[in-house]
Amino acid sequence: MDMNRREFLQLLAMASAGGLMLNNSYAASDTARMYELPGAGNVSLLHITDSHAQLNPIYFREPEINLGVGVTNGKPPHLVGAALLKHFGIRPGTPEAYALTSLNFTEAAHKYGKVGGYAHLATLVKQIRASRPGALLLDGGDTWQGTGQAMWSRGQDMIDASLELGVDVMTLHWECTYGADRIKQAEQGPFAGKIDIVAQNVKTTDFGDQVFKPYVIKEINTIPVAIIGQAFPYSTIANPRYFVPDWSYGIQEENLQLVIDEARKKGAQVVVLLSHNGMDVDLKLASRVTGLDAILGGHTHDGIPVPVPVKNRNGTTLVTNAGSNGKFLGVLDFEVKAGRVVNFKYKLLPVFANLLAADKSMTALMEKHRAPYEAKLSEKLATTDGLLYRRGNFSGSFDQLILNALMKEKDAPIAFSPGFRWGTSLLPGSSITMEDVLNQTAITYPTTTVTEMTGAQIKTILEDVGDNLFNPDPYYQQGGDMVRVGGLEYTCEPGAAMGQRISDMRLNGKSLDAEKTYKVAGWAPVSEAARDKGGEPIWDLVARHLRSEKVVNITAINAPKLKGVAGNPGIV
């Protein structure tokens, strides 16, 4: 049972009396006052990212597996559990430990309650802004997608919520799956004069013209601050190209350097990149371009409480990542003197719904948008005996539920489900509603499929996705975690060479035959042919499965056997 606000404050006060130290650059002797963050410096940037349309408070379990390979092994963001807490100096059992790790998640969730929620986030944003005149609120993208309500309204609920929250600048990823016209409607309509969409790396495929502003310069306390946008570089690979057929993406490192230089020449004294690259890509990028004071990153959903300083040929760039699902608000304060940054302070604030009052205006807006869908979203489909979650390199119990549904409903011995990082968690004993299913599956290309594949083709797919995740060069990591696999057992060696990571594939105890054909169920195909063929949306299939099961009891997760990861701090 969630604690109320008073009980939570009392617990935090007792934790503080017991010597709890919060890891941040601000002195904090009382964690009950964690949101009383005094202003610092003369330029302040607030950062949210990867909200995935979660307007209401949620539970969200952080990964227990986030492996780094090669030079990334043992370095943020590839730290989980106790290793993450030790690295950042956070005590186990604290509210911050609950927000940042999967340790004792169910127990901690009952103790500290839900996180996020735009009404609570709005209260926090207003409070932090009150002590920081002119502060900008930056949104790193993946905001309009992730729920049934957002999908049915084509992101309108999140467009309105972003305006109500006071977002100043944003960049993009999943927004693009509503199509080019929809994004331009928002940019030229409700966002005009209020929210700037920036993306230096999105251009037309014909003449290479900028689709969006590459950057904006805004004054904070008379100091010109440039915000450059970096949309997800692999949008047309990770998602269907037919949504944005006339746009090209990519990292575009050389063009970024030109944009940075241009912004500096125009007088910008602070230059930051609002990025949806993913943290590994941002870390490499920070080492190769100059003139950025910070990269405020997203895409990989990493909650990083302390910025990583990255040296390059002319200076140092701070790299951060502000988690996901509305769980965190990043606060970056710069002290600028004589035209340059001389100091900074940073705090990643967890958004505890029990500790922050709900903003009335945002609450009213949320209720208005939810009303047309309330009955459908609230339908109870089943209950769960155990914890349901998704996030992690390989698979989670909610992934397993989807895989089990695919195999049963499609009468297939093998199933694939995308390695999406979004998707909320459910505590043991919870009802599973239609809303919960849509929180795992709500996309604009939801078709379920059944395909005949040879053993060799199955291995090729696993190898390709594995390389996207574990390629030692971050620029070749094209998004997402490992494809979730049902029915098939296999071994994965993340640190092996390309094409050699997957081995010992077995179905019902027998080795997969490279020449034999197998029936494989799946969903979320990116091809136009699959779109045109049509098929049942995944949420209808899973809902039907849950209605028949009534009680979900995931006793085992079909995760691969891992090889060569002993001692890796990216696994609990």
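Fair warning: this is a prediction, and the values are worked out from it, not measured in the lab.
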**OP:** Evaluate side chain to side chain contact (heavy atoms under 4.5 Å, CB included) for Asn277 paired with His299, printing each intermediate quantity in order.
**Re:** CA-CA 6 Å; Asn277 282 330; His299 179 62; over 6 Å; no

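- For Gln149 and Asp157, the side-chain atoms include at least one donor-acceptor pair closer than 3.5 Å.
- Below 30°, between 30° and 60°, or above 60°: for Phe232 and Tyr234 the angle between ring planes is above 60°, a perpendicular geometry.
- With hydrogens and angles left out, the side-chain atoms of His47 and Asp139 include no donor and acceptor closer than 3.5 Å.
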*Given ring pair (Phe, Tyr, Trp, His ring centres under 6.0 Å), test Phe243 with Trp174 step by step and report yes or no.*
CA-CA 11 Å; Phe243 290 125; Trp174 273 92; 9.2 Å; no

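- The 12-atom threshold is not exceeded at NZ of Lys563, counting heavy atoms of other residues, nucleotides or ligands nearer than 6.0 Å.
- Taken to the nearest 0.5 Å, the CG atom of Asp142 stands 9.0 Å off from the CE atom of Met170.
- The two atoms that bring Ala99 and Phe352 nearest to each other are CB-CZ, 4.4 Å, heavy atoms only.
- In this structure, Glu253 pairs ionically with Arg288, as a charged nitrogen and a carboxylate oxygen lie closer than 4.0 Å.
- Note: Asn468 CG to Ile237 CD1 = 8.5 Å, rounded to the nearest 0.5 Å.
- Interatomic distance, CG of Leu427 versus CG of Leu387, reported as 6.5 Å (0.5 Å rounding).
- In the displayed structure, Asp473 atom CG is contacted under 6.0 Å by more than 12 heavy atoms of other residues, nucleotides or ligands.
- The number of heavy atoms from other shown groups lying within 6.0 Å of CG (Asn104) does not exceed 12.
- A donor-acceptor contact shorter than 3.5 Å is absent between the side chain of Thr444 and the backbone of Tyr178.
- Note that CD of Glu96 is 4.5 Å distant from CD1 of Ile90, once rounded to the nearest 0.5 Å.
- Note: Leu381 CG to Glu435 CD = 11.0 Å, rounded to the nearest 0.5 Å.
- Summarising the geometry of Val520 relative to Ala412, their closest heavy-atom pair is C-CB, 4.5 Å, with the distance given to 0.1 Å.
- Looking at His276 and Gln230, their side chains never bring a donor and an acceptor atom within 3.5 Å of each other.
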When you look at His78 and His87, which way does the ring pair (Phe, Tyr, Trp, His ring centres under 6.0 Å) test go after all the steps?
CA-CA 11 Å; His78 301 289; His87 181 87; over 10 Å; no

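- Using modelled atom types, one finds no donor on one side chain facing an acceptor on the other under 3.5 Å when comparing Asn558 with Glu489.
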Please assess Leu488 against Leu512 for the test side chain to side chain contact (heavy atoms under 4.5 Å, CB included), listing each intermediate value before the final yes or no. CA-CA 9 Å; Leu488 179 69; Leu512 221 61; 3.9 Å; yes

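- Side chain to side chain, His173 and Asn239 meet the donor-acceptor criterion of an N or O pair below 3.5 Å.
- Between the side chain of Asp280 and the backbone N or O of Pro474, no donor-acceptor pair lies under 3.5 Å.
- In terms of heavy-atom proximity, Arg484 sits nearest to Asn393 at NH1-O, 3.3 Å.
- Arg61 forms a cation-pi arrangement with Tyr389, by the criterion of a distance under 6.0 Å to the ring centre and an angle within 45° of the ring axis.
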Asp436/Gln440 under side-chain hydrogen bond (donor to acceptor under 3.5 Å, both in side chains): CA gap, chis, key distance, verdict | CA-CA 7 Å; Asp436 297 320; Gln440 309 289 327; over 6 Å; no

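- Taking both residues in full, the closest heavy atoms of Phe60 and Thr424 are given as CD1-CA, 4.3 Å, listed atom of the first, atom of the second, then distance.
- Using a 4.0 Å cut-off between charged side-chain N and carboxylate O, Glu493 and Lys561 make no salt bridge.
- A cation-pi arrangement is found for Arg531 relative to Tyr242, the charged atom lying closer than 6.0 Å to the ring centre and inside a 45° cone about the ring normal.
- With respect to Asp481 and Arg391, a salt bridge is recorded, a charged nitrogen being found less than 4.0 Å from a carboxylate O.
- For the pair Thr147 and Ala53, the tightest heavy-atom approach, listed with the atom from each and the gap, is CG2-O, 3.3 Å.
- Listed for the Thr451 side chain is no donor-acceptor partner under 3.5 Å among the backbone atoms of Met453.
- For the 3.5 Å distance criterion, the side chains of Arg241 and Thr236 qualify, holding a donor opposite an acceptor.
- Taking CG from Asp302 and OG from Ser324, the interatomic distance works out to 9.0 Å, rounded to the nearest 0.5 Å.
- With 3.5 Å as the limit, one finds no donor-acceptor pair spanning the side chains of Tyr373 and Ser153.
- Listed by chain and residue number, nothing satisfies the side chain to side chain donor-acceptor pair (under 3.5 Å) test with Thr171 (two or more places apart in sequence, or in another chain).
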**Asked** Going through the checks in order, is the salt bridge (Lys or Arg N to Asp or Glu O under 4.0 Å) test met by Glu409 and Arg544?
**Response** CA-CA 9 Å; Glu409 298 296 324; Arg544 182 171 66 250; 3.0 Å; yes

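- One finds no salt bridge joining Lys284 and Asp282 here, because no Lys/Arg side-chain nitrogen approaches an Asp/Glu carboxylate oxygen to under 4.0 Å.
- A 6.0 Å sphere centred on CG of Asp181 holds no more than 12 heavy atoms belonging to other residues, nucleotides or ligands.
- Gln54 and Lys327 share no side-chain donor-acceptor pair at under 3.5 Å.
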message: Set out, in order, the CA-CA distance, both residues' side-chain angles and the distance that settles ring pair (Phe, Tyr, Trp, His ring centres under 6.0 Å) for Tyr98 and Tyr112, then state yes or no.
response: CA-CA 8 Å; Tyr98 163 57; Tyr112 299 121; 5.6 Å; yes

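- For Glu549 and Lys408, the salt-bridge test passes: some basic side-chain N is under 4.0 Å from an acidic carboxylate O.
- Smallest separation of non-hydrogen atoms from Ala286 and Val319: CB-CG2, 3.7 Å.
- Applying the 6.0 Å contact sphere to CD of Glu254 captures no more than 12 heavy atoms from other residues, nucleotides or ligands.
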**Asked** Do Ser417 and Trp523 pass the side-chain hydrogen bond (donor to acceptor under 3.5 Å, both in side chains) test, and can you show the C-alpha distance, the side-chain angles, and the key distance before you say yes or no?
**Response** CA-CA 6 Å; Ser417 186; Trp523 67 285; 2.8 Å; yes

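- At least one donor-acceptor pair closer than 3.5 Å links the side chain of Gln252 to the backbone N or O of Asn201.
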